[in-house]
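What follows is a single structure, written as structure tokens, with notes after it.
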Amino acid sequence: MRSELKLLLRNTTLTALAFVIALGWSLYQVAVGVGSLITLGLRNTSSEDGNPPVSVVWGEHVFYFQPLLGDLITLAVVLAVVLAVQRRSRAS
């Protein structure tokens, strides 16, 4: 693994590496935005018993899953983009 990384860094220019890192970070930020958009839309809704949305009541405890849902949406968006890029690169 370490030798592969050294070979990759030797064959890649610093500009290309910085571009790939910036592109990955931008993709992550877009995915976070999509997750926030969906979870903020859920925040305005509440259940009939007054508990926050995306929550489970167990006894006297309320388990709130909205942050987890946002992170799962982020992961799904990033994975969808990665799979789309892989499919496109295989087709060409």
Side-chain angles (χ1 to χ4, degrees):
M1 174 83 175
R2 191 175 190 96
S3 62
E4 293 171 358
L5 183 60
K6 284 182 182 180
L7 181 65
L8 175 67
L9 289 175
R10 193 175 320 138
N11 293 334
T12 306
T13 64
L14 186 59
T15 305
L17 186 63
F19 178 72
V20 169
I21 291 171
L23 186 65
W25 183 252
S26 297
L27 170 63
Y28 173 74
Q29 289 298 315
V30 168
V32 167
V34 170
S36 295
L37 180 69
I38 293 172
T39 56
L40 286 174
L42 289 174
R43 184 175 290 171
N44 293 333
T45 62
S46 61
S47 61
E48 296 170 357
D49 56 0
N51 291 322
V54 195
S55 63
V56 174
V57 178
W58 187 13
E60 296 180 9
H61 304 284
V62 177
F63 296 95
Y64 184 58
F65 292 106
Q66 194 161 349
L68 177 63
L69 177 64
D71 292 339
L72 288 174
I73 292 169
T74 302
L75 178 65
V77 169
V78 170
L79 284 177
V81 170
V82 167
L83 291 174
V85 168
Q86 281 184 346
R87 178 176 283 178
R88 181 170 287 202
S89 67
R90 287 183 187 167
S92 58

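FYI, side chains are in, hydrogens and waters are out, and symmetry mates aren't considered; it's all heavy atoms of this structure. Predicted model only: the values in this text are computed from it and were never measured.
Other residues, nucleotides and ligands contribute at most 12 non-hydrogen atoms within 6.0 Å of the CZ atom of F19. Within 6.0 Å of OH on Y28 lie no more than 12 heavy atoms contributed by other residues, nucleotides or ligands.
Heavy-atom minimum distance, A31 versus V78: CB-CG2, 3.8 Å.
Here the straight-line distance linking atom CD1 of I73 with atom CG of L69 works out to 4.0 Å at 0.5 Å rounding.
Put simply, L68 and W58 are part of the same group of oily side chains (I, L, V, M, F, W, Y) that touch within less than 4.5 Å, one to the next. A continuous path of hydrophobic side-chain contacts links V77 to L72 [ILVMFWY only; heavy atoms under 4.5 Å].
Ring planes of F65 and F63: parallel class, angle under 30° (limits at 30 and 60°).
Taking 4.5 Å as the limit, some side-chain heavy atom of S36 sits within range of a side-chain heavy atom of V32.
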